[in-house]
Amino acid sequence: MNKLFTTLTLAALTLLATSSCNSTCQKTEPTTVQPIQTVVPERPAGQTDVIQLTAPALDTVRVGFIGLGMRGPGAVSRFTHIPGTKIIALCDLRPECVEGTQKILTNAGLPEAAAYTGSEDAWKELCDRDDIDLVYIATDWKHHAQMGIYAMEKGKHVAIEVPAAMTLDEIWALINTSERTRKHCMQLENCVYDFFELTTLNMAQQGVFGEVMHVEGSYIHNLEDFWPAYWNNWRMDYNRNHRGDVYATHGVGPACQLLNIHRGDKLNYIVSVDTKAVSAPAYLKRTTGEDVTDFKNGDHTTSILRTENGKTMLIQHDVVSPRPYSRMYQLTGTEGFANKYPVEGYALRPANVDNDVKLDHENLSYHGFVPEDVKAAMMTKYKHPIHQELEETAKKVGGHGGMDFIMDYRLVYCLRNGLPLDMDVYDLAEWCSFAELSALSLENNSAAVAVPDFTRGGWDKVKGYHHAFAK
């Protein structure tokens with residue numbers, strides 16, 4: 001964990017003084033306790049930020065894929081449907097994974113790609129090639145950052161599966177490498193392209209909800225049926241050894257876009273609480289017979305954040321409880337409300353919706369979601385231009401209902417047109433920082449922890465989040 005300078009001593013002294021005071025004590029002004037701070041390294045000399053970074057347009061995006069386990073083969077398959085791409089190389093430690101993925105190419109009528117396998121460092125040989133523009137990384141979490149850094153050093157743009165980094169040290173290394181090499185470093189967060197999320201974002205940008213004041217997101221997904229599929233048990237081991245919201249990006253990404261984070265606003269501090277660990281140790285006892293007493297991650301972690309502009313965010317993580325799948329995705333604005341889980345719906349101020357329901361304190365439907373026909377009309381009216389272009393194809397190609405295809409297509413589209421990507425390295429940093437920052441809060445009795453300004457002063461340069469399109 002990064003070196004810290006904290007105000008915990010001040011907080012402890014303040015608490016001691018308060019607790020020792022009796023009724024005769026004079027009233028004093030309350031002491032403001034500052035959030036725990038982490039080190040923000042100085043930007044190396046000669047570097048500038050990569051906000052709105054563009055690179056020379058690529059007529060054909062030549063891609064190398066690293067990691068062909070759970071996520072990689074699906075990405076390769078999707079790329080066979082994206083114009084202007086060429087799949088150059090495939091890499092996985094296991095030869096059978098490379099061989100199986102080659103069949104995806106041949107079945108699509110494409111030539112086999114160069115194969116790299118059988119060695120812990122085989123991926124470096126892929127990155128060393130001079131005929132690859134983009135390295136697409138879909139390995140386990142602990143390898144993401146080092147692979148991204150190496151690939152950028154070798155002159156490649158990188159796209160990294162979520163979470164792209166697990167520590168602040170890794171995050172700052174990715175930022176510095178992207179700034180120095182002027183190469184794109186994008187996190188492959190698919191949920192920002194889902195149909196309800198992107199439509200709602202467009203509504204928010206058009207002012208339908210007034211000023212967005214509060215957002216919520218989560219990753220609530222019982223992984224009991226999936227734990228054995230993670231190679232060498234890496235995901236369970238990570239939760240066993242780390243406390244906090246270790247997988248925040250699916251909930252955080254859409255929430256940050258709604259709040260224009262580092263595009264006119266920034267996250268200021270985070271406060272996290274968690275439950276004790278019960279469900280995962282019980283699962284391990286049932287499946288392995290092991291009595292686990294050192295499991296670090298609680299069943300449920302909740303984090304609350306406040307922004308520079310006075311907005312709030314609520315994020316949750318739970319991968320062990322028998323709860324229905326949910327990314328929450330909720331927006332509260334001054335003029336309206338949106339909610340995706342467990343029921344999709346919109347609510348607006350009554351004056352903004354035609355409604356013949358009479359006001360009645362015993363009939364709360366007046367204060368519920370707009371009728372389904374009104375919701376459908378809103379979603380049609382505000383369908384995002386990206387979905388207008390890609391929805392039909394995306395649903396045919398698939399990948400979490402089509403949002404994976406849209407994510408990959410937009411990445412290629414921006415590279416081919418020399419445009420800023422939909423997500424930059426600072427998005428990656430902000431969304432991944434929850435892992436270490438939430439742990440730091442939990443380890444200090446749920447103290448507030450400052451969220452670093454990963455742009456190092458550039459968070460207000462761009463006004464509002466927008467997707468780039470070719471003219």
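Everything numeric in this text was worked out from a predicted model, so none of it was measured.
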Do side-chain atoms of [X] reach the backbone of [Y] as a donor and acceptor pair under 3.5 angstrom?
| X | Y | answer |
| --- | --- | --- |
| Q187 | A164 | yes |
| S433 | E430 | yes |
| H144 | P163 | yes |
| E189 | C191 | yes |
| N232 | W234 | no |
| S441 | S272 | yes |
| Q205 | Y465 | yes |
| T101 | C97 | yes |
| N444 | S446 | no |
| K311 | N309 | no |

### Message
Check for me whether R235 meets the cation-pi criterion with F226, that is, NZ or CZ under 6.0 Å from the six-membered ring centre and within 45 degrees of the ring axis.
### Response
no

### Message
Give me each pair satisfying salt bridge (Lys or Arg N to Asp or Glu O under 4.0 Å) with a member in residues 312-321, each pair once, sequence neighbours excluded.
### Response
none

### Task
Please list all pairs passing the salt bridge (Lys or Arg N to Asp or Glu O under 4.0 Å) test where one or both residues lie in residues 253-264, with sequence neighbours left out.
R263-D424, R263-D427

### Task
Using the side chain to side chain contact (heavy atoms under 4.5 Å, CB included) rule, take F295 and N239 through it: C-alpha gap first, then chi angles, then the decisive distance, then the call.
CA-CA 8 Å; F295 203 94; N239 279 272; 3.9 Å; yes

For [X] versus [Y], what's the shortest heavy-atom pair and its separation?
| X | Y | answer |
| --- | --- | --- |
| G244 | S438 | CA-OG, 3.5 Å |
| T54 | P420 | CG2-CD, 3.6 Å |
| V50 | S178 | CG1-O, 3.8 Å |
| A89 | I132 | CB-CD1, 4.1 Å |
| T301 | D245 | CG2-N, 4.1 Å |
| I270 | F434 | CD1-CD2, 4.0 Å |

Hey, is [X] close enough to [Y] for a salt bridge, meaning N to O under 4.0 Å?
| X | Y | result |
| --- | --- | --- |
| D453 | K266 | no |
| E153 | K183 | no |
| R456 | D49 | no |
| K396 | E392 | yes |

### Query
If you draw a 6.0 Å radius around CD in E290, do more than 12 non-hydrogen atoms from other residues or ligands fall strictly inside?
yes

### Query
In terms of heavy-atom contacts, does NZ of K461 have more than 12 from other residues, nucleotides or ligands at under 6.0 Å?
yes

### Query
Which class fits the ring pair Y325 and H221: parallel under 30°, tilted 30 to 60°, perpendicular over 60°?
perpendicular

### Task
State yes or no: are the ring centers of F454 and W172 separated by less than 6.0 Å?
yes

### Qualifying residues under salt bridge (charged side-chain N to carboxylate O under 4.0 Å, His left out), relative to R71, sequence neighbours excluded
E161, D404

### Full working for ring-ring contact (aromatic ring centres under 6.0 Å, His included) between H384 and H467
CA-CA 10 Å; H384 198 281; H467 298 85; 4.8 Å; yes

### Message
Considering only residues two or more places apart or on different chains, which pairs with a residue in residues 109-123 satisfy side-chain hydrogen bond (donor to acceptor under 3.5 Å, both in side chains)?
### Response
Y116-R129

### Summary
When K296, R243, H300, H317 are each screened for side chain to side chain donor-acceptor pair (under 3.5 Å) with D274, the one that passes is R243

### Task
Determine, step by step, whether D133 and L415 satisfy the side chain to side chain contact (heavy atoms under 4.5 Å, CB included) criterion, reporting the C-alpha distance in whole Å, the side-chain angles of both residues, the deciding distance to 0.1 Å, and the verdict.
CA-CA 9 Å; D133 306 300; L415 291 175; over 6 Å; no

### Task
Go through the structure and list residues passing side chain to side chain donor-acceptor pair (under 3.5 Å) with Y426, not counting sequence neighbours.
E179

### Task
Would you please test E99 and K103 for salt bridge (charged side-chain N to carboxylate O under 4.0 Å, His left out) and show each step?
CA-CA 7 Å; E99 292 166 7; K103 294 178 182 177; over 6 Å; no

### ring-ring contact (aromatic ring centres under 6.0 Å, His included) partners of residues 71-100, not counting sequence neighbours, each pair once
F65-F79, F79-Y136

Any chance the side chains of [X] and [Y] put a donor and an acceptor closer than 3.5 Å?
| X | Y | value |
| --- | --- | --- |
| T307 | D265 | yes |
| D408 | Y193 | no |
| S321 | D299 | no |
| Y238 | D140 | no |

### Task
In sequence, state the C-alpha distance, the side-chain angles, and the governing distance for Y230 and L223, and then conclude on side chain to side chain contact (heavy atoms under 4.5 Å, CB included).
CA-CA 11 Å; Y230 292 98; L223 296 179; 4.3 Å; yes

### Message
Between F195 and H387, does the ring-ring contact (aromatic ring centres under 6.0 Å, His included) criterion hold? Intermediate values first, please.
### Response
CA-CA 7 Å; F195 298 99; H387 286 162; 4.5 Å; yes

